[in-house]
There are 2 protein chains.
Amino acid sequence: MADVTLKDVAVRAGVHVATASRALDPDRRHLVNAETRQRVEAVARELGYRINVLARGLRKGSTGLIGVVVADLGNPFLPPILRGVEEVLGPRGYLIAVSETHEDPETLRRVCEQLVARRVEGIVISAAHAGDGDFLATVEQSVPVVLAVRRVSGGGHHTVTHDDVLGARLVTEHLVKLGHRRLAQLRGPQDVSSFAGRARGFQDVLTEYGCTEVTTGEPAREPTTAEGRRLAAALLAAGGPRPTAIVAQNDLMAIGALDALGEAGLRCPEDISIVGYNDAPLTGHLTPPLTTVRLPSHALGRRVATTMLSQLDQNQEPPTTVALEPELVIRASTAAPADEEPEVVRAVRSRDRREARRR
Amino acid sequence: MADVTLKDVAVRAGVHVATASRALDPDRRHLVNAETRQRVEAVARELGYRINVLARGLRKGSTGLIGVVVADLGNPFLPPILRGVEEVLGPRGYLIAVSETHEDPETLRRVCEQLVARRVEGIVISAAHAGDGDFLATVEQSVPVVLAVRRVSGGGHHTVTHDDVLGARLVTEHLVKLGHRRLAQLRGPQDVSSFAGRARGFQDVLTEYGCTEVTTGEPAREPTTAEGRRLAAALLAAGGPRPTAIVAQNDLMAIGALDALGEAGLRCPEDISIVGYNDAPLTGHLTPPLTTVRLPSHALGRRVATTMLSQLDQNQEPPTTVALEPELVIRASTAAPADEEPEVVRAVRSRDRREARRR
DNA sequence: CTGAAAGCGCTAACAC
DNA sequence: GTGTTAGCGCTTTCAG
């Protein structure tokens, strides 16, 4: 607990604190006589001196702290993002303070207040909901903000995200090309841009290919296994034609759907194909291994950090939104529908029939 | 970026900064005339004043920062721990700064330096290796340290951990009671106390019940799926009698073992039972669902935080080690060995035979 | 109840 | 090259 101050070092080294300060600062050491500097350094080491970052920050008006606000630390795509952020910001001397909102807007507010009061130099937010734009604008008056993963409606913020529309297109087209024409979607909370984007990609493909959506109506209250199971069960229990494929907006809901299928005595992919989103750990080890969408989370983290750096360097660039491209991961939970024939097959058949009649 | 200072508020409210300071501090507001206080509060709100935590910290000698050092943020048992820590420390006004070491001792050192320089008030470390005791003792001279999850050899630190010996006993005994007598162990790096403890629990049970260990010799370099698979494959490829059960020291290695089994054309649990450790997400959804050990991580986080709090409150209690009890989760990856009969069955049989002879 | 003054530990001007 | 002085924004005596 012994707090050695710069003054202690200076006295012991027989110099003024200012000199000691210079000698110990990498950026100003060259202003000091080499011999003096070495003496100061020696004493500092001997006394176990550690600079008080607080005092320096107060004087220089900088804390070297970057706040990162996430919705849920348990989300498995976060670690690669955090690692990417840290990889870039750490070597620049920044320390990362992580806070969690649990998806609660009130907590988001509180946490941002906290961070601003602590004079963090920037805030990375990956916990935004669609309607948080106005609030974030006020935060941005105090400190640079970079949105990660989730956008807010209205734009106007530096944003680095995944291209969710594209990702959803990728999986949905994959299913359509397998021959699926009646698809259902398991939606997450639509005030989160990721889920909203995935919904749009899905819809777009359905429209383009003239497919039918079988719908349960409501989205999941939370994007969890339990909710996925509940929604999928409702889907299967409903009257009317069953979908041949289910697009879950994340892996957890896909797993819930898998459970619901099993309980209904149906098989995946024989009876119904299921896809997830995120490529969470172990999804490749499920039965069946899950077809899903892989996100470049680590790259996203790095990109978030560089975006933040350029803001910190006062490069007053206008807000941009960059969307990184996800990747389709095809595994065994998707196959051609059993009761319906793929387009090509049908085309061939009808041609055959036509020819047969002609003879 | 407008930084409103206390002075600004004071001037505007027509009072001295000291008065403004008192009026705005929950602990000293009662020292101020109610009317004055309200005026100050109004102005503060109006101007958007936010206290500069740095300046206050410098003056009061406290930062309200707690450092948390983890080995790998991707580890799925961390979030509940972090949440537990935050739940307890957050309401007390502490902010959590999370850093990662990637299991590198050098990084651990650097990170601790950083945190001390920033005058964090306490450091929670769940990234310790067995040999870090001496280093941590030096850190402890500057700031309270609480070890989470992993101990260091030699003791002498406030430690909150899981009872790994017990956990390993639980799964191993479960296997023995199913009738297994030839078991193998997939070990993680033994300089991490968690893995070392699990090794001991396993050995203890084997000794007590007179079972045989089939060994691959080396532990995993990293406790990953790939390593688990490699070690399990080596185990299966080796000459000599095959184990009927494999105890992996974490779920990832267990999954690797599952893979290796599949590749060798063997089934789990029919040919070999496999158990994991940690009860990571989705382990219940694997094929077969994995028998494993569930850790009270959330409770551990809370306990870590309260231990830290009592240290911060200067309660100079001597270092204690508390080990929280894990829980056995039996699923479908374990069954009685095919070629060997469970104890009870054998007992019943031999009794039957005896009785048969008597007639 | 409020104001004046000092100072937390450091760095930035400015002198010498 | 090095010392002097001032002050970052706040809290804390100590007066009044």
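Below, chains carry the letters A, B, ... as their sequence lines are ordered, and counting in each starts from 1. Because only heavy atoms are used, hydrogens play no part in the values below, and waters and symmetry mates are left out as well, while side chains stay in.
Note on B:Thr36: a side-chain N or O is less than 4.0 Å away from OP1 or OP2 of C:dT2. Note on B:Ser21: a side-chain N or O is less than 4.0 Å away from OP1 or OP2 of D:dT11. The shortest distance between the side-chain N/O atoms of A:Arg28 and the OP1/OP2 oxygens of C:dA12 is below 4.0 Å. For A:Thr19 and D:dG3, the shortest distance from a side-chain N or O to OP1 or OP2 is below 4.0 Å.
Atoms NZ (B:Lys60) and C1' (C:dG7) sit 16 Å apart, rounded to a whole Å. At whole-Å resolution of the value, CG in A:Asp27 and C1' in C:dT11 are 12 Å apart. In this structure, the CG atom of B:Leu24 is 14 Å from the P atom of C:dT2, given to the nearest Å. A:Arg118 has its CZ atom 18 Å from the P atom of D:dG9, to the nearest Å. Residue B:Lys7 contributes atom NZ, which lies 7 Å from atom P of D:dC8 at whole-angstrom precision. Rounded to whole angstrom, the span from the CG atom of B:Asp3 across to the C1' atom of D:dG7 amounts to 16 Å. For the pair B:His16 NE2 and D:dT13 C1', the computed distance is 12 Å after rounding to whole Å. Regarding A:Asp25, its CG atom lies at a distance of 14 Å from the C1' atom of C:dG9, rounded to whole Å.
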**Request:** Test B:Ser297 against B:Arg83 for side-chain hydrogen bond (donor to acceptor under 3.5 Å, both in side chains), laying out the working first.
**Result:** CA-CA 9 Å; B:Ser297 301; B:Arg83 203 164 294 144; over 6 Å; no
**Criterion side chain to side chain contact (heavy atoms under 4.5 Å, CB included) on A:Val40 and A:Val9, from CA distance to verdict** = CA-CA 7 Å; A:Val40 173; A:Val9 175; 4.1 Å; yes
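For C:dG9, the base has no donor-acceptor partner in the side chain of B:Arg119 [N/O atoms by modelled type, under 3.5 angstrom]. Counting distance only, with no hydrogens placed and no angle test, the side-chain atoms of A:Arg37 and the base atoms of D:dG1 include no donor-acceptor pair under 3.5 Å.
Nearest nucleotide to the A:Ala55 side chain, out of D:dT11, C:dG9, D:dC14: C:dG9. Looking at the side chain of B:Thr5, the nearest of the listed nucleotides C:dG3, D:dG9, D:dT12 is D:dG9. Comparing C:dT11, D:dT2, C:dT2 against the side chain of A:Leu6 picks out C:dT11 as the nearest. Nearest nucleotide to the A:Leu58 side chain, out of D:dT11, D:dC14, D:dG9: D:dG9. For B:Ala18, the side-chain atoms get nearest to C:dA4 when compared with the rest of C:dC8, C:dA4, D:dT11. For A:Arg59, the listed nucleotide lying nearest its side chain is C:dA12; candidates were C:dG3, C:dA13, C:dA12. Proximity note for A:Arg56 (side chain, C-beta onward) versus C:dA5, C:dG7, C:dT11: the nearest is C:dT11. The side chain of B:Asn33 approaches C:dC1 more closely than any other nucleotide in the set D:dG1, C:dC1, D:dT12.
Within 6.0 Å of CZ on A:Arg12 lie no more than 12 heavy atoms contributed by other residues, nucleotides or ligands.
Side-chain contact check for B:His298 and B:Glu87: at least one donor-acceptor pair (N or O, by modelled atom type) lies under 3.5 Å.
Note on A:Ile51: only backbone sugar-phosphate atoms sit closer than 4.0 angstrom, heavy atoms only; bases stay farther off.
Put simply, the side chain of A:Asp8 does not reach to within 4.5 Å of the side chain of A:Tyr49, judged on heavy atoms.
Ion pair A:Asp132/A:Arg150 not flagged as a salt bridge, since none of the NZ, NE, NH1 or NH2 atoms sits closer than 4.0 Å to an Asp/Glu carboxylate oxygen.
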